[in-house]
Amino acid sequence: MGKYYITTPIYYPSGRLHIGNAYTTVAADTVARFKRIMGYEVFFLTGTDEHGLKIQQKAQQAGKLPKEYVDEIVAGIIELWKVLNISYDKFIRTTDDYHISAVQGIFEKLYNNGDIYISEYEGWYCTPCETFWTKTQLGEKRVCPDCGRSVQHAKEESYFFKMSKYQDRLVEHIENNPDFIQPTTRRNEMISFIKSGLEDLCVSRTTFDWGIKVPFDEKHVVYVWLDALTNYITALGYPDNTDLYQKFWPANVHLVGKDIVRFHTVIWPAILMALEVPLPKQVFAHGWLLLDGGKMSKSRGNVVDPVVLANKYGVDAVRYYILREIAFGADGNFSNELMINRINSDLANDLGNLLSRTVAMVIKYFDGHISGGDEQTEFDDSLKNIALETDEISSEQIDKLLLSGALESIWKFISRTNKYIDETTPWVLAKDEKLHPRLQQVLYNLCESIRLIAAYIQPFMPQTCEEIHKQLGTDDTDRCWNNYGVYNVIKGETLFPRIDLEKELKELENLTV
Ligand code: MSP
């Protein structure tokens, strides 16, 4: 059996996560579910990145000890993943004991091998990004090149990682392995970034203490990104308990947002090279969900809390919306209005109506029981062909992590199935006894199409697949078009009730004033 190891970034527990944050994890969950369906042994890792100055300051503001502060927020994050049906195999916290001792071991190993050395740091630090910058990197405005905020001058004794030593090997690896960084635009950006020259990286701090202590020099704490990135191997038991590590490393894919590509494709592989550990097969950078073209934040009229949205519209509506809205390599737009429009058109109209019309007709004309007949026409062939083609296209797209493209192709099949109803006009066939064998065939084909649609959307929308199964009276997720089964359908809940846009927007406005 094939093995598949997929990771999300580990989240900062610095406040409630918003719908944009949920994107990475919902996307990884969908891929993990798909791979399991395809028979892979999957290890899906997520977790929280709990150290660093930013968290220490947040805790102070809240009048709490850092650990007390993160414990509460992490509980909320775990609850959020439950609400969103995230099927992770392990949740790592960087405050876990095994991770702390593994990071200390890694730091010591790098030091003993001469890849970490002590020196003095003088430069600028961006606290929100937890990143050091040199004067040249800051540019004329003297602000953080990543987030545009002001930076603080820092001068202190620090440990440095010899990143410059790995510059040529990194470029060679990226150039020789076209899939290592995807999409290609990010790959090109990283190649030119590395070629412009890598400086050694400051990997310890002495000005705050909320972090993992350098084992042989306890006034230093380990740089939070070094601590965080190693989670991908410490979660597997590296370096001491190597069963999972042997089984799943190197990771098939680190799924990350476009803002943290540099950490994952420059710093992380250089650390792995220094540790003589193989590199992950791929780092895939997705775009962002933007609010009014900018970063997600609280805004009047828009609810961005995924728990509130899932409670209002159902978890699968949230999952569908975010996966559909971010197209490959690009950013997507978030607004409650866009989301409600999509729920009404794609989910309530296209998918929900298809199921409810079909179930109603099978009940009305065949008492709820239907099996395949013999008579076939050209409509049937074209339906069957698109059904099987959709399997091929959508599977290929998921394999390439093009989730929005996969959904698009499944929705084309849903539209084609709706069109099949218009073409075959079952209500006309029902009027003439002689046409009943044909009516039976048509309704059977509709059930068969819907059964396949449920199988295709299962990794994206697991609950909806279950509900469709209930109404169709089958839980068969086989991806073949077979003409043998019997469907015993029952009328069930409306999959996605239509939402009154005007009324709903007013209600949301009241929630966010
Ligand atoms: N702690 C680091 C990651 C360390 S991984 C070794 C971090 N955490 S984060 O909480 O700030 O971000 C987590 C993920 O959420 C990142 O992949 C980031 O790109 C993603 N997103 C944050 N806002 C987003 C949107 N508005 N839209 C899509 N993804 C977004 O970075």
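Numbering of ligands and ligand atoms starts at 1, following listing order.
Residue Y232 touches ligand 1 through its side chain alone, judged by heavy-atom distances below 4.0 Å. For H264, every heavy-atom contact with ligand 1 shorter than 4.0 Å involves the side chain, none the backbone. Within the 4.0 Å heavy-atom criterion, both parts of L289, backbone and side chain, lie near ligand 1.
The residues E189 and R262 are annotated as not salt-bridged, no charged nitrogen and carboxylate oxygen being separated by less than 4.0 angstrom. A salt bridge is defined here as a Lys NZ or Arg NE, NH1 or NH2 lying under 4.0 Å from an Asp or Glu carboxylate O, and E175 with K195 meets this definition. Using a cutoff of 4.0 Å between basic side-chain nitrogens and carboxylate oxygens, K312 and E507 are scored as salt-bridged. Between K165 and D200 there is no salt bridge, since none of the side-chain N atoms of the basic residue sits less than 4.0 Å from a carboxylate O of the acidic one. Salt-bridge check for D29 with R33: passed, with a basic side-chain N closer than 4.0 Å to an acidic carboxylate O.
Close approach of ligand 1 to A228 is summarised as follows: ligand atoms under 4.0 Å from at least one heavy atom of the residue are 6 (C). Heavy-atom proximity to D259, at under 4.0 Å, picks out these atoms of ligand 1: 18 (C), 19 (O). Within ligand 1, counting atoms from 1 as listed, the ones closer than 4.0 Å to a heavy atom of D49 are 1 (N), 2 (C), 4 (C). Heavy-atom contacts of G20 reach the following atoms of ligand 1: 24 (C), 25 (C), 26 (N), 27 (N), 28 (C), 29 (N), 30 (C) (cutoff under 4.0 Å). For ligand 1, the atoms lying closer than 4.0 Å to a non-hydrogen atom of M296 are 26 (N). With ligand atoms numbered from 1 in the order given, ligand 1 contributes 28 (C), 29 (N) to contacts under 4.0 Å with heavy atoms of H286. Atoms of ligand 1 found under 4.0 Å from any heavy atom of G257, numbered from 1 in the order shown, are 17 (O), 19 (O). Ligand 1 places these atoms under 4.0 Å from at least one heavy atom of P9: 3 (C), 5 (S), 16 (C), 17 (O).
Checked by atom type, the side-chain pair R36/S87 shows a donor-acceptor distance below 3.5 Å. Side-chain contact of H264 with Y232: a donor-acceptor pair under 3.5 Å is present, judged by distance alone.
When only non-hydrogen protein atoms are considered, atom 20 (C) of ligand 1 lies nearest to T24 OG1, 3.9 Å. Residue, atom and distance of the protein heavy atom nearest to atom 15 (O) of ligand 1 are N21 ND2, 3.5 Å. Among all non-hydrogen protein atoms, the one lying nearest atom 14 (C) of ligand 1 is Y11 CE2, 3.7 Å.
The distance from the CD1 atom of I326 to the CG atom of L289 is 4.5 Å, given to the nearest 0.5 Å.
Every N/O-N/O distance between L229 and ligand 1 stays at or above 3.5 Å. Close N/O approach between Y12 and ligand 1 is found [any backbone or side-chain N/O within under 3.5 Å].
Residue I10 holds the heavy atom nearest to atom 2 (C) of ligand 1 of all those in I10, I260, N231.
Applying the salt bridge (Lys or Arg N to Asp or Glu O under 4.0 Å) rule to pairs touching residues 209-222 yields E157-K219, D217-K219, sequence neighbours excluded.
Y320 and W411 have their aromatic ring centers within a separation under 6.0 angstrom.
Under the 4.5 Å side-chain criterion, counting only non-hydrogen atoms from C-beta, L272 is not in contact with P278.
Within the 4.0 Å heavy-atom shell around ligand 1 one does not find F263.
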